[in-house]
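Every number for a ligand or one of its atoms is a count from 1 in the order of the listing.
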Amino acid sequence: MPRFRSILDTMPAYKPGKAVTSADGRSYKLSSNESPYDPLPSVVEAIAEGARQVNRYPDPGAVKLTEAIAERFGVPAEHIALGAGSVTVAQQLFEAVGEPGGEVIYAWRSFEAYPLLADLAGVKSVRVPLAGEDHDLDAMAEAINDRTRMILVCNPNNPTSTAIREAELLAFLDRVPDDVLVVLDEAYREYVRDEDVPDGLTLYRDRPNVCVLRTFSKAYGLAGLRVGYLVGHEAVASAVRKTIIPFAVNHLAQIAAIASLRAEDELLERVDTVVKERTRVRESLIAQGWTVPLTEANFVWLRLGDRTLDFAAACAAEGVAVRPFAGEGARVSIGDPEANDVFLAAAAAFKAS
Ligand code: PMP
């Protein structure tokens, strides 16, 4: 029998959102916070054109994509590090800071991959319970000690959808020692409408220990191609580049991401539509009697406790896949209007049952 690291025996499995189908064949996937739209024709064309070169390895440095991101966001190219989805960039960060005895702090519940990546990297997870649905930044600051290597702040938070405001985040950052890396995971940044929620790309500039994670998977609609990135000072970005698997970001992903930045206006219009739908879904749920936290992301969070799995099953019977966290609640992505209507009807029926 081959021997594996003992941590694999206890590591939590990542449970990806699955599609479900109703008895009459309907299927609405609201379980993975994806874009509900088909890819833009201009992006599909660029991918088709790029397919002609797939006998060659991709550009290992993803130079053109890095330059396109640098130009778009007004950051130096040296401050950018790319990965096959922002989750792999997060993994590189864990690998880069992970030392036996090291600790990583994050809120809980938050993005499910964090504990997995911590275990893999051999660092201890310090999970700080949310205060209601929000980060408890005071408690997170109090959890810092000599062993702390990194702190992840998911803003807006997956799965509870709430966002941290500027004054609170700045006060927190002031309490973090310079040798502790703070990762602002902004996978859902494009959906934020509260102007008081700070943009990590402005915060990191005069803070060498702060970096930002962004992705092309959500607002830019490229979840299937896997491309995400970090923006941070050179020491942080180069630590990620050193630990990354060669050629991690494939050729089609690079091309599609560049094409998406070119078509950004169109993509951000779609984000506006999702945000309008988000308001409609949240207000409808509240009118049905649900408590729904204010959401700055492309999903809503329903705290259901013991009824979570029953709720997910009731939605599944209507063909709607939501993301249940047993005993806690369900996260439901904002889809197209039809999907949202079917979900709202299922939620109303459940409430009345
Ligand atoms: N961070 C957060 C908070 C997320 O919710 C996700 C996706 N569920 C990711 C990172 C990873 O996204 P990707 O790897 O597709 O870029």
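For the residue pair Thr162 and Asn157, no side-chain donor N or O sits within less than 3.5 Å of a side-chain acceptor on the partner.
By the 6.0 Å contact criterion, NZ on Lys124 is open, its count of non-hydrogen atoms from other residues, nucleotides or ligands being 12 or less.
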Could you walk me through whether Phe299 and Tyr191 pass the ring pair (Phe, Tyr, Trp, His ring centres under 6.0 Å) check?
-> CA-CA 10 Å; Phe299 52 88; Tyr191 300 95; 8.7 Å; no
Test ring pair (Phe, Tyr, Trp, His ring centres under 6.0 Å) applied to Tyr204 and His79, step by step = CA-CA 10 Å; Tyr204 96 96; His79 285 192; 5.6 Å; yes
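Counting only heavy atoms of the protein, atom 14 (O) of ligand 1 lies nearest to Arg226 NH2, 2.7 Å. Looking only at protein heavy atoms, the nearest one to atom 15 (O) of ligand 1 is Ser217 OG, 2.6 Å. When only non-hydrogen protein atoms are considered, atom 12 (O) of ligand 1 lies nearest to Ser86 OG, 3.4 Å. Of the protein's heavy atoms, Tyr188 OH, 3.7 Å lies nearest to atom 4 (C) of ligand 1. Of the protein's non-hydrogen atoms, the one nearest atom 8 (N) of ligand 1 is Lys218 NZ, 3.2 Å. Looking only at protein heavy atoms, the nearest one to atom 6 (C) of ligand 1 is Phe111 CZ, 3.5 Å. Of the protein's non-hydrogen atoms, the one nearest atom 1 (N) of ligand 1 is Asp185 OD2, 2.7 Å.
Atom numbering of ligand 1 starts at 1 in the shown order; those under 4.0 Å from a heavy atom of Thr215 are 13 (P), 15 (O), 16 (O).
Between Glu67 and Lys64, no side-chain nitrogen of the basic residue sits less than 4.0 Å from a carboxylate oxygen of the acidic one, so the salt-bridge criterion is not met. Using a cut-off of 4.0 Å between Lys/Arg side-chain N and Asp/Glu carboxylate O, Arg26 and Asp341 are scored as not salt-bridged. Between Arg193 and Asp272 there is a salt bridge, since a side-chain N of the basic residue sits under 4.0 Å from a carboxylate O of the acidic one. Salt-bridge annotation for Glu112 and Arg323: present, with a side-chain N of the basic residue lying under 4.0 Å from a carboxylate O of the acidic one.
Between Phe350 and Phe311, the ring planes are perpendicular. Angles over 60° get that label, and only those under 30° would be called parallel.
Under the 4.0 angstrom criterion for non-hydrogen atoms, Cys154 is in contact with ligand 1. By the 4.0 Å heavy-atom criterion, Gly228 is excluded from the residues contacting ligand 1. Not a single heavy atom of Asn33 sits under 4.0 Å from any atom of ligand 1.
Geometrically, ligand 1 and Val87 share a nitrogen or oxygen pair separated by less than 3.5 Å.
Heavy atoms of Phe216 found under 4.0 angstrom from ligand 1: none, in either backbone or side chain.
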